[in-house]
There are 2 protein chains.
Amino acid sequence: MSATRDRLLDAFETLLIAHGPRAATLDAVAAAAEVSKGGLLYHFPSKAALAQGQRERLAALGEADAAAMRTAPEGAAEYYLRESMQSGGPLDRALVAAVRLAEESDGDATAVLEELRGHWYDALLAELGDPALAHVVQLVGDGMYYNAVTGVKDPAALDDALAVLARLR
Amino acid sequence: MSATRDRLLDAFETLLIAHGPRAATLDAVAAAAEVSKGGLLYHFPSKAALAQGQRERLAALGEADAAAMRTAPEGAAEYYLRESMQSGGPLDRALVAAVRLAEESDGDATAVLEELRGHWYDALLAELGDPALAHVVQLVGDGMYYNAVTGVKDPAALDDALAVLARLR
DNA sequence: GTCTATATTCTGATAGAC
DNA sequence: GTCTATCAGAATATAGAC
């Protein structure tokens with residue numbers, strides 16, 4: 001993996017997260033990665049290729065995370081909720097960036113998000129044993145993400161979610 | 001309220017929902033509303049003015065909805081969860097459009113979303129009486145929205161959420 | 001209130017030098 | 001692998017006619 005290639009993906013994600021798809025232009029990405037536009041287009045021949053590179057990065061990080069859930073000492077559910085709140089890590093960044101791209105109607109990004117959702121649900125179900133409960137825990141995590149994505153602050157979310165979860169099992 | 005003005009806001013929301021902020025150009029909005037670009041710019045002198053018009057529409061619809069929650073026969077929580085799943089109504093459209101705009105930075109859209117969130121939470125708390133539970137119900141609703149916004153299908157969400165909610169009270 | 005025409009800047013992409 | 005130069009088309013916005 002080329003270092004420049006990774007810098008370009010980092011810059012692309014940073015712009016998507018901070019200012020949305022409209023700001024994530026080839027010009028802006030190249031400038032943020034301190035490369036010329038020509039340099040960018042050597043690694044990613046088109047904007048679609050850049051988006052695809054981002055999706056591949058997310059898929060790799062997401063699958064690793066689903067595996068980590070299953071062996072987490074605090075259990076898959078708590079690991080998942082904690083992860084949903086946490087902001088700024090590589091997975092979180094890749095996920096928020098992909099959500100921004102998904103809004104551009106690209107069915108490809110939605111497909112990756114949907115597949116990862118399935119992996120996370122399976123890990124939750126393996127721990128909790130209850131499909132409806134696993135589903136609701138996942139929705140709570142989704143809700144935390146939703147707020148993070150829209151910029152809404154909700155600091156008490158994790159504590160309240162864990163408290164209610166404790167009452168349910 | 002001018003009819004053309006409303007048609008322009010409708011077209012703006014439709015484009016934001018279907019294809020994201022990049023597709024919601026002045027040209028495209030004007031064409032979808034069957035008005036010329038000059039006609040659009042008479043009603044909304046800039047793109048920022050168009051976005052502001054959309055935020056005002058959302059604020060009005062959202063406040064009316066929070067009031068409706070408090071008098072809903074099935075109770076505020078069920079009303080809220082059902083509303084979060086429902087797709088295509090005026091409030092739903094305005095909300096999804098505002099989320100897309102919120103990503104373009106501009107704290108203004110986030111401020112409206114945050115304020116509406118507060119109204120909905122107050123209505124949930126008034127029915128449920130339990131802050132942590134009200135918070136979790138809201139997060140589940142947020143989660144349903146998150147999936148709707150990213151295009152992920154999750155048809156069983158409402159039934160599972162209502163089943164788990166029944167166990168909690 | 002709505003239109004057409006135009007100015008200006010931005011955006012994605014190509015070509016070719018180094 | 002990276003750069004500069006350049007192009008065609010799109011985007012926001014203005015001016016002025018009707």
Side-chain angles (χ1 to χ4, degrees), chain A residues 1-57 97-109, chain B residues 1-57 97-109:
Chain A
M1 278 294 150
S2 148
T4 302
R5 209 186 125 96
D6 276 329
R7 271 213 330 281
L8 286 164
L9 285 177
D10 287 343
F12 187 43
E13 288 183 349
T14 297
L15 285 162
L16 283 169
I17 293 164
H19 304 293
R22 294 199 67 148
T25 65
L26 295 185
D27 243 323
V29 171
E34 294 179 298
V35 182
S36 73
K37 211 188 317 191
L40 186 164
L41 287 162
Y42 168 79
H43 291 281
F44 300 100
S46 72
K47 203 174 186 190
L50 189 60
Q52 196 196 330
Q54 202 280 319
R55 282 194 299 274
E56 284 163 9
R57 173 187 268 197
V99 170
R100 307 281 211 238
L101 287 174
E103 297 158 359
E104 304 268 271
S105 87
D106 232 327
D108 295 335
Chain B
M1 277 295 151
S2 147
T4 302
R5 206 186 128 96
D6 276 328
R7 272 213 330 281
L8 286 164
L9 285 177
D10 287 342
F12 187 42
E13 288 183 350
T14 297
L15 285 163
L16 283 169
I17 293 163
H19 304 293
R22 294 201 67 152
T25 66
L26 296 185
D27 243 323
V29 171
E34 294 178 299
V35 182
S36 73
K37 214 191 311 193
L40 186 164
L41 287 161
Y42 168 78
H43 291 282
F44 301 99
S46 72
K47 200 170 189 194
L50 190 60
Q52 196 195 331
Q54 202 280 318
R55 283 194 297 274
E56 284 163 9
R57 173 186 267 198
V99 170
R100 306 278 212 241
L101 286 174
E103 298 159 358
E104 305 267 87
S105 76
D106 243 340
D108 295 336

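All chains are named by letter (A, B, ...) in the order of the sequence lines, taking the proteins before the strands, and each is independently numbered beginning at 1. None of these values were measured; they are calculated from a predicted model.
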B:Glu104 CD to D:dT12 P, straight-line distance once rounded to whole Å: 10 Å

Any A:Arg5 side-chain N or O less than 4.0 Å from OP1/OP2 of D:dT2: no

Pairing residues for B:Arg57 by the salt bridge (Lys or Arg N to Asp or Glu O under 4.0 Å) criterion, not counting sequence neighbours: B:Asp6, B:Asp10, B:Glu13

Heavy-atom pair of closest approach, residues B:Lys47 and B:Thr25: NZ-CA, 4.3 Å

For atom CZ of A:Arg22 and atom P of C:dT9, their distance in whole Å: 18 Å

Side chain to side chain contact (heavy atoms under 4.5 Å, CB included) evaluation trace for A:Phe12 with A:Leu40: CA-CA 11 Å; A:Phe12 187 43; A:Leu40 186 164; over 6 Å; no

Length of the CG-P vector between A:Leu41 and C:dT11, whole Å: 14 Å

Residue-phosphate contact under 4.0 Å: B:Thr4 side-chain N/O, C:dT2 OP1/OP2: yes

Donor-acceptor contact below 3.5 Å, side chain B:Arg100 vs main chain B:Ile17: yes

Contact list for DNA chain C against residues 26-39 of chain B - heavy-atom distance below 4.0 Å: B:Val35, B:Ser36, B:Gly38, B:Gly39

A:Phe44 vs A:Arg5, side chain to side chain contact (heavy atoms under 4.5 Å, CB included): CA-CA, chis, key distance, verdict: CA-CA 8 Å; A:Phe44 300 100; A:Arg5 209 186 125 96; 3.5 Å; yes

B:Lys47 NZ to D:dT14 C1', straight-line distance once rounded to whole Å: 18 Å

Phosphate OP1/OP2 of D:dT2 contacted by A:Tyr42 side-chain N/O (<4.0 Å): no

Nearest heavy atoms of B:Ala11 and B:Ala32, plus distance in Å: CB-CB, 3.8 Å

Touch class at under 4.0 angstrom, heavy-atom based, for B:Leu40 against every strand present: nothing

